[in-house]
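What's counted below: heavy atoms across the whole structure, side chains too, no hydrogens, waters or symmetry copies. Position 1 is the first residue of the sequence; numbering continues from there.
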Amino acid sequence: RAAAAWALGGCRNAPHVVAALIDGWDHEADRAAARAMRLALAELTFESFAGPGPARRWWQKARDGFAQSFFVECETARALGASRGGFYGHNEGAYGGQCIDRGWGNRRQDVLELLLEAGRPGDRTIFLRYACPREGGGLLAIRGRRGDGVVFEPDSVPLARTRSSAHWRWVEVPIGTVDAGRYRVEIRSLNGPVDCDVLGWR
C-alpha cells in the first residue's frame, strides 16, 4: 500500500486521487503506508496535513477550486524537448525530487515551455515555485500562447530572493480571463539563473 501511495503522488490534476488518498489515510493502520499517503497528498496539494481529519476538512473547502487548477513539474519541459538551457536539478525540497537548475536563465535564449489546461473559462492566476538566492532576486518574462497567437503576456515578474537553492517560494501572477483549452506557457529569465520547480494556475 505504501508503494501504491508513492505512485499516486505523481498523478497531478486528478481530484479523485486526492480523495482516495484521504480516504485511505483515514483507515490506514500501517505507519509506513500512512506516511506515504501523507507525503503523496503534500505532493499533489502543496499542503501539509497533521492527520487525515485536517486533510478531509481542507478538501471539503478546496475540492471545487482544485478541480479547476492545473499544475505541472517544470522538468517535464526538458523531457518533452521544450526547453533550452539548464538541466535537471535535485535541490532539497523540490517536489518530485527534481527541478530545472544547473544555470537555467544564464542566457537570454534559455526558455521553458509548458502546457497548461483550462477545463472551463474563467479568471486565472499563474503560480510558479522557484528558488533564487542571488542578490536582488530574479526577473521573469511569461507569455501564454494558443496556436500562433499570444493570449497573455503580463509585465515582467519580479522574484524575491530566497535564502538558498533549497528554500522555495511561490510567485503569483494574475493573467485575467482565459477560455477553456490548452495553452503553451513560456518562461524566460531576464537577469540570471533561477531554479524552477512547479508551474500551474488556479
Side-chain angles (χ1 to χ4, degrees), residues 1-83 86-102 104 112-119 126-133 162-172 182 185 187 194-202:
R1 293 192 301 276
W6 282 115
L8 288 175
C11 298
R12 291 208 180 280
N13 311 307
H16 66 283
V17 171
V18 175
L21 284 167
I22 294 173
D23 287 341
W25 189 12
D26 207 11
H27 298 91
E28 185 55 66
D30 181 78
R31 292 180 64 182
R35 178 178 181 273
M37 292 174 187
R38 175 176 61 82
L39 293 176
L41 280 169
E43 182 79 27
L44 297 177
T45 65
F46 314 122
E47 301 283 346
S48 296
F49 302 109
R56 189 176 298 281
R57 289 191 291 274
W58 174 86
W59 184 238
Q60 289 171 348
K61 297 177 181 179
R63 179 169 42 206
D64 291 343
F66 186 92
Q68 298 308 316
S69 66
F70 195 90
F71 285 84
V72 294
E73 306 286 339
C74 289
E75 62 269 19
T76 60
R78 187 162 188 88
L80 296 173
S83 71
F87 198 68
Y88 299 107
H90 302 280
N91 303 23
E92 181 182 347
Y95 285 117
Q98 278 192 328
C99 62
I100 288 292
D101 186 5
R102 311 294 177 88
W104 181 86
L112 296 177
E113 185 176 303
L114 295 150
L115 185 68
L116 297 185
E117 296 185 19
I126 283 181
F127 292 78
L128 174 69
R129 191 171 189 250
Y130 73 92
C132 184
T162 62
R163 283 185 289 165
S164 73
S165 59
H167 289 87
W168 299 92
R169 298 186 65 147
W170 289 95
V171 64
E172 303 179 17
R182 295 182 176 182
V185 180
I187 307 173
V194 177
D195 301 340
C196 299
D197 186 24
V198 176
L199 176 79
W201 59 22
R202 294 181 178 134

Chemist: Minimum heavy-atom separation for Ala40 and Gly9, please, with both atom names.
Modeler: CB-CA, 3.9 Å
Chemist: Nearest 0.5 Å please: distance from the CD atom of Glu113 over to the OG1 atom of Thr76.
Modeler: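 That separation rounds to 11.0 Å.
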Chemist: Look only at the side chain of Trp201 and the backbone of Glu117, and say whether a donor-acceptor pair between them is shorter than 3.5 Å.
Modeler: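 At least one qualifying donor-acceptor pair exists.
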Chemist: Return each pair, listed once, that meets salt bridge (Lys or Arg N to Asp or Glu O under 4.0 Å) where at least one residue sits in residues 50-61; pairs must be two or more places apart or across chains.
Modeler: Asp23-Arg56, Asp26-Arg56
Chemist: Which is it for Val194 and Trp104 under the side chain to side chain contact (heavy atoms under 4.5 Å, CB included) test, yes or no, and what are the steps along the way?
Modeler: CA-CA 6 Å; Val194 177; Trp104 181 86; 4.2 Å; yes
Chemist: Please give me the minimum heavy-atom distance between Arg78 and Ser83, naming the atom from each residue.
Modeler: CA-OG, 3.4 Å
Chemist: When you look at CD of Gln68, are more than 12 heavy atoms from neighbouring residues, nucleotides or ligands closer to it than 6.0 Å?
Modeler: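 Correct, the count exceeds 12.
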Chemist: Hey, are the side chains of Glu73 and Asp197 touching, using non-hydrogen atoms and a 4.5 Å cut-off?
Modeler: yes
Chemist: Considering non-hydrogen atoms only, spot the tightest contact between Ser165 and Asn91 and give its length.
Modeler: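 For Ser165 versus Asn91, the nearest heavy atoms are O-ND2, 2.9 Å.
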Chemist: So, for Ala36 and Ala2, which heavy atoms are closest and what is the spacing to 0.1 Å?
Modeler: CB-O, 3.6 Å
Chemist: Of all heavy-atom pairs between Val72 and Leu115, which one has the smallest distance, and what is that distance?
Modeler: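 Looking at all heavy atoms of both residues, the shortest contact is CG1-O, 3.8 Å.
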Chemist: In Å and rounded to the nearest 0.5 Å, what is the OG to CG distance from Ser164 to Asp195?
Modeler: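 With rounding to 0.5 Å, OG (Ser164) is 9.5 Å from CG (Asp195).
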Chemist: Would you find a donor on one side and an acceptor on the other, under 3.5 Å apart, between the side chain of Glu43 and the backbone of Gly96?
Modeler: yes
Chemist: I would like to know whether Arg169 and Tyr130 meet side chain to side chain contact (heavy atoms under 4.5 Å, CB included); could you show each step before the answer?
Modeler: CA-CA 6 Å; Arg169 298 186 65 147; Tyr130 73 92; 3.9 Å; yes
Chemist: Enumerate the residue pairs fulfilling ring pair (Phe, Tyr, Trp, His ring centres under 6.0 Å) with a member in residues 30-69, sequence neighbours excluded, ordered by first and then second residue.
Modeler: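 Matches after skipping sequence neighbours: Phe46-Phe71, Phe46-Tyr95, Phe46-Trp170, Phe49-Trp58, Trp59-Phe66.
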Chemist: What distance separates Leu112 CG from Ile187 CD1, expressed to the nearest 0.5 Å?
Modeler: 5.5 Å
Chemist: State, to 0.1 Å, how close Ala33 and Arg1 come at their nearest heavy-atom pair, and which atoms those are.
Modeler: CB-CB, 4.1 Å
Chemist: Between atom CH2 of Trp25 and atom CE of Met37, what is the distance when rounded to the nearest 0.5 Å?
Modeler: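 One finds 10.0 Å between CH2 of Trp25 and CE of Met37.
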Chemist: Can Trp168 and Cys99 be said to form a side chain to side chain contact (heavy atoms under 4.5 Å, CB included), step by step?
Modeler: CA-CA 11 Å; Trp168 299 92; Cys99 62; 3.9 Å; yes
Chemist: Once you round to the nearest 0.5 Å, how far does CG of Leu114 lie from CD1 of Ile100?
Modeler: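 Atom-to-atom, Leu114:CG and Ile100:CD1 are 8.5 Å apart.
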Chemist: Counting only heavy atoms from other residues, nucleotides and ligands, does the tally under 6.0 Å from CZ of Arg35 exceed 12?
Modeler: no
Chemist: So, does His90 use its side chain to make a donor-acceptor pair with the main chain of Gly97 at under 3.5 Å?
Modeler: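 It does hold such a pair.
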Chemist: Please determine whether side chain to side chain contact (heavy atoms under 4.5 Å, CB included) holds for the pair Arg12 and Leu44, giving the CA-CA distance in whole Å, both sets of side-chain angles, and the decisive distance to 0.1 Å.
Modeler: CA-CA 6 Å; Arg12 291 208 180 280; Leu44 297 177; 4.2 Å; yes
Chemist: Tell me, do Arg182 and Leu116 make a side-chain contact under 4.5 Å, heavy atoms counted?
Modeler: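 They are not in contact (no side-chain heavy atoms under 4.5 Å apart), so the answer is no.
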Chemist: To the nearest 0.5 Å, what is the distance between NE2 (His16) and CG (Leu8)?
Modeler: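 With rounding to 0.5 Å, NE2 (His16) is 8.5 Å from CG (Leu8).
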